[in-house]
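A short write-up of the structure that comes next.
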Number of protein chains: 2
Amino acid sequence: MSDAYYLQLTEQLRSLIDINATQWEGKLPAERVLAERFATTRVTLRQALAQLEGEGLIHRSNRRGWFISPARLVYDPTRDAGFNDYVRAQGRRPRTAVLKLETCSHLPAARALGLPDDQPFHHIRRRRYVDDRAVLVESLWVVPNCAPELLDIYAGQSLWGLLRERWGHYLANRSIRMVSEALSPRDAEELLVAPGTAGLNINRAILDDQQRPIEYDEEHWLHDSLCISVELSGQQ
Amino acid sequence: MSDAYYLQLTEQLRSLIDINATQWEGKLPAERVLAERFATTRVTLRQALAQLEGEGLIHRSNRRGWFISPARLVYDPTRDAGFNDYVRAQGRRPRTAVLKLETCSHLPAARALGLPDDQPFHHIRRRRYVDDRAVLVESLWVVPNCAPELLDIYAGQSLWGLLRERWGHYLANRSIRMVSEALSPRDAEELLVAPGTAGLNINRAILDDQQRPIEYDEEHWLHDSLCISVELSGQQ
DNA sequence: CTGGCTGGTTGGTATAGACCAGAAGTTTGC
DNA sequence: GCAAACTTCTGGTCTATACCAACCAGCCAG
């Protein structure tokens, strides 16, 4: 049974990570150090690291090194619990950075909500962290009529909470799409990871109980940072 | 703006694929041929191909070559429409191969359904195809009481259809989990892809309307072959 | 016509070494 | 005391080459 050497390496790294997880404080030694320790080249070592990255055990911060990935965040995209709430409920620390606030049109949003192509939206782009690790960037396009002065008051809080409490919109119908992706250079840069890193793209179109369009959003998650969980009762 | 060469290569390959898609019948030229055409080495070329693989544009069949990926199958894991039905509804051709039929215990199934650890199940393992491409392998563990003679009569049809029509079980409560993964050597082999290929793991625990456990299943999809779509109405 | 053999083709794996640019830590200079 | 400049470390990218094993098509024998 002569498995490929890089697969044996993968196993050795796996146990090494188990043993030294706390000692290293999450950061693996430099690639050159590991390559020497296992008497191989960086190329082969990186192949083994890439395997563990695919499994979600480790990840890399662009040009900074390899890190042990924390447990995945459990996330239910069908609920409208705020990010801050469910992150805290899992004993983690949430944080949000607002990257952009503007009014503009956006074709995919218009299409998904059944509005004219040149429909303007309030656009919010934000980056969200769990325990100080940036795990997703997202863009939200809100129909301006639903939240006229949104851009003036928005400061990182839960958008759905605002829509409900300030403008009385109840999100009733949602159409959700999820696909695996390679992060675009822009998303990758905003998440401090290498371009092409594996990600998960979640898009949602939200209407109210009268089928009126409210909001469309695109989330780009690091693939190893979440576990999607949906609980349903009743026949479908 | 001197991007990395492999990223330029990615773009060139992308347009080359667009142009020659039909001519090549889905299969790309050999890596050595492409490397020579772009005056680079196989290593760099493979990096570009891996990027496109991550995007879901191409995939490789183990030791057979690179192929252009067909459109993703749209899939709603919250519905119990049969695989055959929704594949055909999208104008594609479904196929199922039964890999294993046995009775055995399975710890994750027992835990997910709230049954004793040594609970026996009827276990079905099957591989499913879309247009003759193997896109997923799945294992199902059915509580024997719910479908006593299942293993004698099962031949690849819709399991949920059988449960409903033959044994009168209506699937009411489902708990679904989805995580990205690297396919295990076994799953990879059964799907004819290289070990460590990116995949998507979907697990479901199903109870009936009385909260009685019926079935647990684990699906392993090729990451580029599906687009998860969920439509919900009503406040959550 | 069929089944096994065979050799070329191809992807999978691995070595060895090199250079660059970003990140981070250290020193210098005001 | 602080900011700018420099140095070192590190991951990201790339070249050139090699060998192996699976695959596959074509040949050959029964």
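The shown structure was predicted, so the numbers you read here are calculated from the model rather than taken from an experiment. A note on names: the letters A, B, ... follow the listed sequences, proteins ahead of strands, and every chain is numbered from 1.
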Quick one, [X] and [Y] - any side-chain contact, counting heavy atoms below 4.5 Å?
X: T103(B); Y: F121(B); result: no
X: S139(B); Y: R126(B); result: no
X: S180(A); Y: H223(A); result: no
X: T96(B); Y: R127(B); result: no
X: E55(A); Y: L52(A); result: yes

Below 4.0 angstrom from OP1 or OP2 of [N], is there any side-chain N or O of [X]?
X: N62(B); N: dG12(C); result: yes
X: R63(B); N: dT9(C); result: no
X: Y6(B); N: dT13(D); result: yes

Looking at DNA chain C, which of residues 39-49 of chain A put a heavy atom within less than 4.0 Å of it?
T40(A), T41(A), R42(A), V43(A), T44(A), Q47(A)

Please give, in whole Å, the distance from [N] [atom2] to [X] [atom1]?
X: F67(B); N: dT10(C); atom1: CZ; atom2: P; answer: 12 Å
X: R64(B); N: dA21(D); atom1: CZ; atom2: P; answer: 18 Å
X: R60(A); N: dG22(C); atom1: CZ; atom2: P; answer: 17 Å
X: K27(B); N: dA25(D); atom1: NZ; atom2: P; answer: 10 Å
X: L34(B); N: dG11(C); atom1: CG; atom2: C1'; answer: 12 Å

What about R32(B), does its side chain sit under 3.5 Å from the base of dG11(C) through a donor-acceptor pair?
yes

